[in-house]
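Note that these values count all heavy atoms, side chains included, but never hydrogens, waters or copies made by symmetry. First listed ligand is number 1; within each ligand, the first listed atom is number 1. Being a predicted model, the structure only gives us computed values, none of them experimental. Quick note: residue numbers are just sequence positions, from 1.
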Amino acid sequence: MRSHDYISIEEQYGAHNYHPLDVVIHKGQGIHVWDVEGNKYVDCLSAYSAVNQGHCHPRIIAKLKEQADKITLTSRAFRNDQLPLLCKEVCELTGYEMMLPMNTGAEAVETALKCARKWGYKIKGIPDGKAEIITCENNFAGRTISIVSFSTEDQYKDGYGPFTPGFKTIPYSDSAALETAITPNTAAFLVEPIQGESGIIVPPDGYLKAAFDICKKNNVLFMVDEIQTGLGRTGKLFAYDYENIHPDVVIIGKALAGGCYPVSAVFSGKDVLGVFTPGDHGSTFGGNPLGAAIARESLKVLIEENLIQNSFEMGSYFRDRLRAVTSKHVKEVRGKGLFIGIELFAEAGGARRFCEALMKHGVLCKETHDNVIRFAPALVITKEEIDSVMEQVSPVLQMD
Ligand SMILES: *Cc1c(COP(=O)(O)O)cnc(C)c1O
């Protein structure tokens with residue numbers, strides 16, 4: 001079968017909740033993927049930063065196969081010999097005391113929201129049913145009904161009401177608005193250190209620290225969604241590391257298991273995650289030994305292969321090269337590490353046509369919002385590979 005055959009089958013039998021580029025990928029290795037016709041591409045999306053370690057990383061795949069031959073799922077009704085070590089290794093790596101495993105990012109965000117509310121009632125003493133959680137405009141935190149309840153994107157909410165109450169929205173990058181929004185019933189502030197889906201929006205230096213300090217002063221949990229920014233993507237282990245803060249609650253997912261398996265987690269101190277008692281919360285697959293083994297190896301790869309430093313260095317090289325392109329369409333190149341957005345002027349006719357042109361040049365990118373192209377290759381990318389990507393990107397940015 002050829003690409004168009006797969007595409008027409010998917011269009012006929014699959015629900016149309018995505019608008020993918022018409023490239024039918026068959027295999028991948030490192031930063032590269034191949035379509036069913038055998039054409040080779042550089043993947044500059046990395047599954048929304050879930051494959052930071054690169055496609056089919058040999059060490060991670062070997063671990064997946066090894067663990068799959070032993071045991072894949074026990075459920076949390078019993079214990080297994082991988083989850084305890086994942087919890088310990090995540091805590092040692094991050095300096096936190098406890099971890100709670102889930103599968104997808106949205107589930108981990110839901111976990112953090114539940115945790116914040118319970119903490120609010122049991123520890124802070126908020127009256128029953130009154131807990132508030134503050135979130136930012138243009139946030140992205142997943143697709144469940146409660147999560148889209150605090151989305152400010154009309155399409156994410158359209159047709160899904162009634163919504164979960166208890167959320168307040170403030171502008172991003174505005175710590176004064178946070179201070180004003182906090183009441184005695186505020187349990188938590190949930191924030192992305194860089195807003196990825198809304199167009200790689202980088203807040204001004206000092207914003208996270210200021211927001212963190214305001215939360216501390218008011219006994220409000222500072223919760224960061226590092227699902228996309230975390231695990232080396234921005235050139236540090238976590239994007240919050242740029243501001244030397246220790247958030248109360250950290251949410252990760254995506255690259256935690258190297259794109260080989262859905263594994264997400266919430267980590268925090270015992271004073272916060274300790275509010276959960278047996279039966280309060282759970283997931284059949286959360287903490288399964290296959291996912292835990294893959295996540296352990298994925299974290300080791302990230303550290304031992306120095307991918308975080310590589311993201312920092314290659315990210316700044318890539319941005320410099322992008323900024324050096326003379327293009328009437330480019331308004332701004334921004335980002336941290338290998339988390340890069342190119343914002344186009346409104347007159348450029350939208351980012352989608354550039355992504356389609358890049359695809360024809362063997363570079364896969366996805367537009368985010370209408371006028372931002374995101375560049376987020378796997379963190380294993382080399383300088384030479386960036387140079388060769390630029391040979392394709394420059395003419396596309398210079399087209400009419
Ligand atoms: C992807 C993402 C999520 C949701 O993760 P899923 O695994 O798709 O549920 C939440 N927050 C951020 C910042 C994300 O990028």
Side-chain angles (χ1 to χ4, degrees), residues 15 17-18 20 44-52 100-116 133 135-153 155-157 160 164 167 169 172-173 188-203 208 222-234 236-240 247 249-267 283 285-288 291 294-295 298 335-341 365-369 372 374-376 379:
N17 58 322
Y18 275 90
C44 281
L45 181 65
S46 308
Y48 299 91
S49 299
V51 280
N52 285 356
L100 192 157
M102 296 296 280
N103 311 286
T104 64
E107 288 173 301
V109 172
E110 288 275 350
T111 300
L113 298 173
K114 279 178 151 184
C115 180
I133 293 172
T135 61
C136 293
E137 285 169 7
N138 302 318
N139 68 76
F140 182 81
R143 302 290 202 155
T144 66
I145 285 184
S146 286
I147 291 172
V148 301
S149 295
F150 58 82
S151 176
T152 57
E153 189 71 23
Q155 197 196 355
Y156 295 173
K157 308 185 74 160
Y160 298 139
T164 306
F167 299 104
T169 309
Y172 191 57
S173 296
F189 174 52
L190 172 68
V191 67
E192 295 158 85
I194 293 176
Q195 288 187 326
E197 290 316 297
S198 77
I200 321 290
I201 308 297
V202 184
L208 292 177
F222 183 84
M223 309 203 295
V224 277
D225 179 345
E226 289 264 10
I227 292 169
Q228 190 160 167
T229 49
L231 303 171
R233 174 49 62 191
T234 68
K236 300 269 186 192
L237 178 59
F238 296 109
Y240 69 71
V249 176
V250 184
I251 309 164
I252 56 174
K254 296 206 165 107
L256 178 53
C260 294
Y261 204 86
V263 180
S264 63
V266 174
F267 47 90
S283 161
F285 281 83
N288 72 75
I294 297 169
S298 301
K336 281 187 173 160
L338 283 166
F339 200 39
I340 301 172
C365 286
K366 189 70 167 65
E367 75 276 12
T368 155
H369 272 233
V372 178
R374 167 175 20 201
F375 283 87
L379 311 185

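Ligand 1 lies less than 4.0 angstrom from a heavy atom belonging to Ala141. For the ligand labelled ligand 1, residue Phe140 lies inside the 4.0 Å heavy-atom shell.
Considering backbone and side-chain atoms together, Ala106 places an N or O closer than 3.5 Å to an N or O of ligand 1. Distances between N or O atoms of Glu197 and those of ligand 1 include no value under 3.5 Å.
The number of heavy atoms from other shown groups lying within 6.0 Å of CZ (Phe285) does not exceed 12.
Of all the heavy atoms of Glu107, none lies under 4.0 Å from any atom of ligand 1, so neither backbone nor side chain is involved. Only the side chain of Glu192 comes within 4.0 Å of ligand 1, counting heavy atoms alone; its backbone N, CA, C and O stay farther away.
Side-chain contact between Ile147 and Tyr156: absent, with no pair of heavy atoms (C-beta onward) separated by less than 4.5 Å.
Here the heavy atom of the protein found nearest to atom 11 (N) of ligand 1 is Asp225 OD2, 2.6 Å. Closest to atom 6 (P) of ligand 1, if we only count protein heavy atoms, is Gly105 N, 3.5 Å. With hydrogens left out, the protein atom closest to atom 1 (C) of ligand 1 is Lys254 NZ, 1.5 Å, a heavy atom.
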Check: When you look at Phe140 and Glu153, which way does the side-chain contact (heavy atoms from CB on, under 4.5 Å) test go after all the steps?
Finding: CA-CA 9 Å; Phe140 182 81; Glu153 189 71 23; over 6 Å; no
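Between Lys114 and Glu107 there is no salt bridge, since no side-chain N of the basic residue sits under 4.0 Å from a carboxylate O of the acidic one.
Nearest heavy-atom pair, Val109 versus Ile227, reported as atom, atom and distance to 0.1 Å: CG2-CD1, 3.7 Å.
In this structure, Thr152 contributes its side chain and Asn138 its backbone to a donor-acceptor pair below 3.5 Å. Between the side chain of Glu226 and the main chain of Leu231, no donor-acceptor pair closer than 3.5 Å is present.
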